[in-house]
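Just so it is clear, the model here is predicted, and its values are computed rather than measured. Here is how names work: the chains are called A, B, and so on, in the same order as the sequence lines, proteins then strands, and each is numbered from 1. Computation of the quantities below employed the complete heavy-atom set of this structure, encompassing side-chain atoms and omitting hydrogens, waters and symmetry-equivalent molecules.
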Amino acid sequence: MVERQSPLEPEFHVGSHGNFEHGVEILLTETRPGSIVQLAAWPGEEKKLIAAIRSVTVLALPDGAGGGSSDGVKSVFGFAPGKFTVADEAEGLAAAFAKAVTPAIGTVTDLSHGRTAIRIAGPKAEWVLAKFFTIDFALPAFPVGAGRSTAHHDVFAQIQRTGADQFDIYVFRSFARSFWNALCHASEEVGYEVQ
Amino acid sequence: MLITCPYCGPRDVIEFTYQGDGNRERPDPASQNFEAWNAYVYDRLNPAGDHNEIWQHSGGCRTHLRVVRNTLTHEISSVAFVRGDHASTARRKAEDKA
Ligand SMILES: [Zn+2]
């Protein structure tokens, strides 16, 4: 397989930064999934698509708009009616879904090279993200596993909560470095570490 | 101004794009009825009060929405998917509304 280069690389500086004298309250990293796939069901075929997601990933989608789940290796969440984002540490997810999602059920779009996945974690993750997005990051409003579609200055973002204080943000690869820089600046005040 | 997207819940208006007057009815593309086309392009009710509008949640789930907005108060009294067959995926409860 071809080595995939990170768009963040020139601005990805491992170590502690900002105001970290009193401790690091934000961890930033790139999760670099091998596969990122977008699935869309034709009208009325949503249940079959959800069944296909379960058969390929073994992840069960909870009921509800924006519902999702993650086992730490594979992740899935709804981002629009009948539409889902699935990520996997391994490559080959698009090929697996191309078999499971027949043309009668819906569509499979391989975004593995089109999106960059940035993970923000730590006690101040909600605080920093609230500076970017006008959505409610509190745990009761945004439960673990759930996904949200939103935007920051026209940079479209899909966000999945993968822990009580951990979020995975999927942004367009071409915007990723700019978004990463903004995320680093926003994290300076609380002290952040890039891993 | 907040618009409560049936899929995403209450979101700031900056995430939405206005797609025009929701009262218009587009003539058949093959229609030669110029009066109907003229009405579609130019005629507007311009009410001082509740107004049917089409909005897209362009910075979110990207669905198109039928919104009733009061042009005097900006109060939004109803939001629904333009596509009726999306209704089954609108599971946000009333108590989630802002
Ligand atoms: Zn929406």
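Note: D165(A) CG to L129(A) CG = 11.0 Å, rounded to the nearest 0.5 Å. Between the OG1 atom of T116(A) and the CZ atom of F175(A) there is a distance of 12.0 Å, given to the nearest 0.5 Å. Here the NE2 atom belonging to H17(A) is positioned 7.0 Å from the SG atom belonging to C184(A), to the nearest 0.5 angstrom.
Annotation for A151(A) and E15(B): closest pair N-OE2, 4.2 Å, computed over non-hydrogen atoms.
When atom types are taken as modelled, the side chain of T29(A) and the backbone of Q195(A) share a donor-acceptor pair closer than 3.5 angstrom. A donor-acceptor pair under 3.5 Å is absent between the side-chain atoms of Y192(A) and the main chain of L183(A), judged by distance alone.
R161(A) has a carboxylate O that lies under 4.0 Å from a charged side-chain N of E126(A), or vice versa, which qualifies the two as a salt bridge.
Using a 4.5 Å cut-off between non-hydrogen atoms, the part of residues 42-62 of chain B that approaches chain A consists of S58(B), G59(B), G60(B), C61(B). Below 4.5 Å, heavy atoms of chain B meet heavy atoms from G78(A), all part of residues 68-78 of chain A.
If you measure heavy-atom distances from F156(A) to chain B, the contacts under 4.5 Å come from the side chain alone.
In summary, the aromatic rings of F137(A) and F167(A) are positioned with their centroids under 6.0 Å apart.
Geometric assessment of R66(B) against the ring of F81(B) yields a negative cation-pi assignment under the 6.0 Å and 45° thresholds.
Ranking T134(A), D154(A), T150(A) against chain B, the residue ahead of the rest is T150(A), based on heavy-atom pairs under 4.5 Å.
Residues S31(B) and N33(B) bring no donor and acceptor atom of their side chains to less than 3.5 Å of each other.
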